[in-house]
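Only one structure is covered here, and it is reproduced in the block below.
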Amino acid sequence: MKLASSILVGIAIVSGAGAAGAGESTGGIPLGSKVPAAVAKTKMKNVDGKMVSIADVTGKAGTLVIFTCNHCPFAKDWEQRIVELANTYAGKGIGVVLVNANDPTTHAEDGFDEMQARAKSRGMKIPYVVDDTSGVARAFGASVTPEAFLFDKGGKLAYHGTIDDNRKEPDKVKARYLKDALDAVVGGKAPAVPETKGLGCGIKFRG
Amino acid sequence: MLSLLLAATVLAAPAAPAPGVKVEIAEMPAILAAVKAPGAAAVLVNVWASWCEPCREEMPDLIRFYRDHRAQGLRLVLISADDDDQRGEVERILGALGFDGPAFIKHGNDMTFIDALDPRWKGALPATFLFDGRGTRSRSWLGAVTYDDLRARVSGLLRKPQKNQPRSPR
């Protein structure tokens, strides 16, 4: 844990001459993993003031954890789509929680008050919580916002990655990675594309 | 600290034309052509954005390292993840830092872009990648870099310095 933290908090130097092959881990807990036990019951402050853990929101059909924040332009561009997916699939048996692991001393916009304002203005019907040590993000191996982890009804990681293939132009999206993965999990199937990547902001880990 | 101050100064500066800097909007094949064009002993590729604070903080060191070592065959390729309409701001920042090398705003699919640079990278900004003169990636920095980080890892790939080669002021 300590080693993983140091890699994620500071700069990670990755050496190697050859290109890594397709299917190589993209970082983060591997597919098939369960929610890291060390943080599954970690209580995090929700925008409504209540304390919520990932275990608390576990859904019958699956569980979606998205690391996001307020300040990041990438997260902002995807924010409405994230909220729409979260609200929609919360009604289909998916437990959803949005997690802000950023240190607000780095970006004041990532503070709790702005989270509350954002949740209200975006019409979030799901928890948006503060990972106040960044320990949950570290345990997941999350490093970018936004970054989604979708667990199936058996609690195994079925999808990890970004939201879709066009941050800038929602009407030109061709591949709805997260939505397709949610549909698969709700239907009891494995997502056809279980891992994706997208440009994003590095998580501003707390010290 | 100087880098931070310089980055802050660049940010605060009024918009102005930036002679010597032309930022191209391009997809990955065109960007890779610039990375792998013959003639360099080593190529640093940095992915950044004008609004990204750690990116702006490392940029003065990156550009200073490039200026100090380009005579030894170093090429620096800067790729911005900004939106197209921020091209003027990207050019202003790079122009204020005196950058005159290849610079792009990236277009196209993120995964194709990320995997072309390093499949182990998840896409968080900033990130810097080192390629040798044959276009083979030898090092990745996932996070902000410093002049000393670069000196420790890049110098071995470069040609020998000529006597009395000038250094950029810190």
Side-chain angles (χ1 to χ4, degrees), chain A residues 6-28 67 71-78 106-107 109 137 141-147 160-169 172-175 177 193 195-205, chain B residues 25 32 47-55 57-58 79-86 105-132 134-146 148-150 152-154 156-157:
Chain A
S6 66
I7 290 170
L8 289 167
V9 171
I11 182 173
I13 300 174
V14 184
S15 61
E24 181 173 337
S25 169
T26 57
F67 293 90
H71 90 274
C72 170
F74 292 97
K76 284 179 178 174
D77 283 345
W78 267 308
T106 305
H107 291 87
E109 192 180 349
S143 59
V144 60
T145 56
E147 184 172 352
H160 171 209
T162 191
I163 312 305
D164 58 47
D165 70 349
N166 198 325
R167 167 183 66 88
K168 296 177 183 177
E169 298 171 291
K172 293 185 180 174
V173 169
K174 292 177 183 168
Y177 305 126
V193 181
E195 280 194 294
T196 63
K197 289 180 277 189
L199 292 177
C201 303
I203 290 178
K204 311 300 183 284
F205 288 93
Chain B
I25 295 172
L32 278 180
V47 187
W48 71 294
S50 66
W51 43 259
C52 164
E53 286 186 17
C55 305
E57 287 171 8
E58 71 172 351
I79 308 171
S80 165
D82 280 272
D83 292 343
D84 299 354
D85 60 7
Q86 291 299 302
I105 288 177
K106 169 257 173 202
H107 256 213
N109 182 276
D110 278 1
M111 283 207 287
T112 305
F113 174 78
I114 290 167
D115 286 343
L117 291 173
D118 187 341
R120 293 164 295 188
W121 178 39
K122 281 203 293 185
L125 303 183
T128 302
F129 307 91
L130 173 64
F131 293 82
D132 67 17
R134 291 170 298 181
T136 302
R137 176 174 39 78
S138 66
R139 186 74 54 176
S140 302
W141 291 269
L142 310 184
V145 293
T146 66
D148 289 340
D149 293 332
L150 297 170
R153 301 291 180 175
V154 180
L157 292 178

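Letters go in sequence order (proteins before strands), and every chain restarts at 1.
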Would you call Arg167(A) and Asp83(B) a salt bridge, taking side-chain N to carboxylate O under 4.0 Å as the test? yes

Salt bridge check, Asp132(B) against Arg137(B): does any charged N sit closer than 4.0 Å to a carboxylate O? no

Interface residue of largest heavy-atom contact number with chain B, from Ala175(A), Gly202(A), Pro73(A), under 4.5 Å: Pro73(A)

With sequence neighbours left out, write down each residue that passes side-chain contact (heavy atoms from CB on, under 4.5 Å) with Leu199(A), or none if nothing qualifies. Phe74(A), Ala81(B), Lys106(B), Asp110(B), Phe113(B), Ile114(B), Trp121(B), Leu125(B)

Residues forming a side-chain contact (heavy atoms from CB on, under 4.5 Å) with Thr162(A), sequence neighbours excluded: Trp78(A), Tyr177(A), Thr196(A)

In terms of heavy-atom proximity below 4.5 Å to chain B, should His107(A) be classed as side chain, backbone, both, or neither? side chain

Using heavy-atom distances under 4.5 Å, tell me whether Asn109(B) contacts chain A through its side chain, its backbone, both, or neither. side chain

